[in-house]
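Please read the structure below before turning to the comments.
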Amino acid sequence: MSFTLDKDSDNYMTNEIEWLRIKDFIPKDKIIYAPFYGDGKQKEYFKNMGIDIIHEDTDFFTNTFDYDIIIDNPPFSKKKDIFKKLKELEKPFILIIPSVMLCYKYFQEYFSEHLQIIVPKTRIKFQQLNSVNKNYTPPYASFFFCYKMKLKKDLTFI
């Protein structure tokens, strides 16, 4: 679901270079779903890495896709509803999320078990959908939050 008409502040797309940072952590033998459509370029970015994904402009909350893992950058204004749905699904995920999520009570309750984090050495950059600025860096750090991914370490710096 693109959410592009809901709230402009949700329209920050992840640049291809940011997905390349975690390429080695993405399982090649799983069906990957990227539910938050945005500008639709994520499918192309993953294809460039040799990974096929499901990435269609459909409703995350009602879709019936068959998949193993969710990998995406969710719209932050909808995070509470998204995390509730993710907890119900109990599927593994890798999501780009602001580091402050660790302090949210509901996030702690949902994901205190099986959580791992990939921390980039430099802040993740985004492109605002309605701007030519391709390298927006927010004033806070975002990490790759991994749930049930069975990485080698719980905290990985890349």
Side-chain angles (χ1 to χ4, degrees), residues 1-7 9-102 104 106-120 124-129 141-156 158:
M1 180 176 232
S2 66
F3 302 106
T4 54
L5 299 177
D6 289 355
K7 192 168 184 180
S9 63
D10 283 336
N11 293 325
Y12 284 88
M13 307 301 109
T14 307
N15 294 321
E16 184 172 14
I17 192 74
E18 305 302 343
W19 295 120
L20 285 168
R21 290 188 196 206
I22 62 163
K23 180 182 177 183
D24 294 338
F25 299 97
I26 300 172
K28 311 299 185 264
D29 61 339
K30 303 290 183 187
I31 300 170
I32 297 169
Y33 175 38
F36 310 111
Y37 194 73
D39 61 5
K41 292 183 180 177
Q42 189 172 342
K43 186 170 183 77
E44 173 189 329
Y45 298 159
F46 275 64
K47 185 177 180 180
N48 291 344
M49 294 189 295
I51 303 169
D52 189 34
I53 64 171
I54 300 167
H55 187 57
E56 298 178 14
D57 195 3
T58 58
D59 188 338
F60 166 68
F61 298 102
T62 61
N63 83 72
T64 57
F65 293 122
D66 184 25
Y67 59 91
D68 302 310
I69 298 170
I70 292 175
I71 301 178
D72 214 331
N73 170 13
F76 296 163
S77 75
K78 311 241 186 261
K79 62 186 177 288
K80 190 169 187 176
D81 292 332
I82 289 168
F83 290 129
K84 181 179 179 186
K85 178 71 173 179
L86 287 169
K87 185 59 181 171
E88 291 169 7
L89 293 170
E90 276 297 312
K91 298 245 185 191
F93 64 72
I94 300 174
L95 295 178
I96 297 174
I97 304 171
S99 58
V100 71
M101 282 307 302
L102 289 171
Y104 283 65
Y106 70 86
F107 188 84
Q108 294 171 5
E109 289 173 2
Y110 290 162
F111 305 112
S112 63
E113 301 286 322
H114 312 292
L115 184 68
Q116 298 174 303
I117 301 174
I118 301 171
V119 181
I124 296 173
K125 293 182 171 71
F126 303 93
Q127 178 179 351
Q128 214 283 338
L129 189 63
S142 293
F143 302 150
F144 297 94
F145 282 64
C146 307
Y147 179 69
K148 291 190 170 183
M149 289 300 298
K150 300 179 182 174
L151 303 177
K152 291 179 182 175
K153 296 177 6 183
D154 289 339
L155 187 60
T156 303
I158 57 169

Subject >> Candidate pair Glu18 and Arg21, rule salt bridge (charged side-chain N to carboxylate O under 4.0 Å, His left out), full reasoning >> reply: CA-CA 5 Å; Glu18 305 302 343; Arg21 290 188 196 206; 2.7 Å; yes
**OP:** Report the C-alpha separation of Leu102 and Ile117 in whole Å, then their side-chain angles, then the decisive distance to 0.1 Å, and conclude whether the side-chain contact (heavy atoms from CB on, under 4.5 Å) test is met.
**Re:** CA-CA 10 Å; Leu102 289 171; Ile117 301 174; 3.9 Å; yes
**OP:** Show your working on side-chain contact (heavy atoms from CB on, under 4.5 Å) between Met101 and Phe83 and close with a plain yes or no.
**Re:** CA-CA 11 Å; Met101 282 307 302; Phe83 290 129; 3.4 Å; yes
**OP:** Check the pair Leu86 / Phe60 against side-chain contact (heavy atoms from CB on, under 4.5 Å), numbers first and verdict last.
**Re:** CA-CA 10 Å; Leu86 287 169; Phe60 166 68; 4.0 Å; yes
Original post:
Taking it one step at a time, do Ile96 and Trp19 satisfy side-chain contact (heavy atoms from CB on, under 4.5 Å)?
Top reply: CA-CA 10 Å; Ile96 297 174; Trp19 295 120; 3.7 Å; yes
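Within a 6.0 Å sphere centred on NZ of Lys152, heavy atoms belonging to other residues, nucleotides or ligands number 12 at most. More than 12 non-hydrogen atoms from other residues, nucleotides or ligands lie less than 6.0 angstrom from NZ of Lys85.
For Glu16 (side chain) and Lys41 (main-chain N/O), no donor-acceptor pair under 3.5 Å exists by modelled atom type. When atom types are taken as modelled, the side chain of Asp68 and the backbone of Lys30 share no donor-acceptor pair closer than 3.5 angstrom.
Ile71 approaches Gln42 most closely through the heavy-atom pair O-NE2, 3.1 Å. Closest non-hydrogen pair, Phe46 versus Ile26, comes out as CE2-CD1, 3.7 Å. Residue Ile82 comes nearest to Pro75 through the heavy atom pair CD1-CD, 3.7 Å, listed as atom of the first residue, atom of the second, then distance. Of all heavy-atom pairs between Ala34 and His55, the closest is O-ND1, 2.7 Å. Contact record, Asn15 with Tyr45: C-CE1, 4.2 Å, taken as the closest heavy-atom pair. Taking both residues in full, the closest heavy atoms of Pro120 and Ile124 are given as CG-CG1, 3.8 Å, listed atom of the first, atom of the second, then distance.
Atom CD1 in Ile32 sits 5.5 Å away from atom CD1 in Ile51 (nearest 0.5 Å). A distance of 11.5 Å separates CD1 of Ile118 from CG of Asp154, quoted to the nearest 0.5 Å. Within the model, atoms CG of Asp72 and CD1 of Ile94 stand 11.0 Å from one another, a figure rounded to the nearest 0.5 Å. We find the CD1-NZ distance between Ile54 and Lys43 to be 8.0 Å, quoted to the nearest 0.5 Å. Atom CD1 of Ile70 is separated from atom CG of Leu89 by 6.0 Å, given to the nearest 0.5 angstrom. Note that the CD atom of Glu88 and the NZ atom of Lys84 stand 6.0 Å from one another [nearest 0.5 Å].
Note: Phe65 and Tyr33 meet the aromatic proximity criterion, with ring centroids under 6.0 Å apart.
Using cut-offs of 30° and 60° on the angle between ring planes, the pair Phe93 and Phe111 is perpendicular.
In this structure, Lys91 forms a cation-pi arrangement with Tyr67, its terminal cationic atom sitting closer than 6.0 Å to the ring centre and no more than 45° off the ring axis.
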Side-chain donor-acceptor pairs under 3.5 Å in residues 141-151, sequence neighbours left out?
from	atom 1	to	atom 2	distance (Å)
Tyr147	OH	Lys87	NZ	3.4
Tyr147	OH	Glu90	OE1	2.9
Tyr147	OH	Glu90	OE2	3.1
Lys148	NZ	Glu90	OE1	2.5

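The closest side-chain heavy-atom distance from Met49 to Leu20 is below 4.5 Å.
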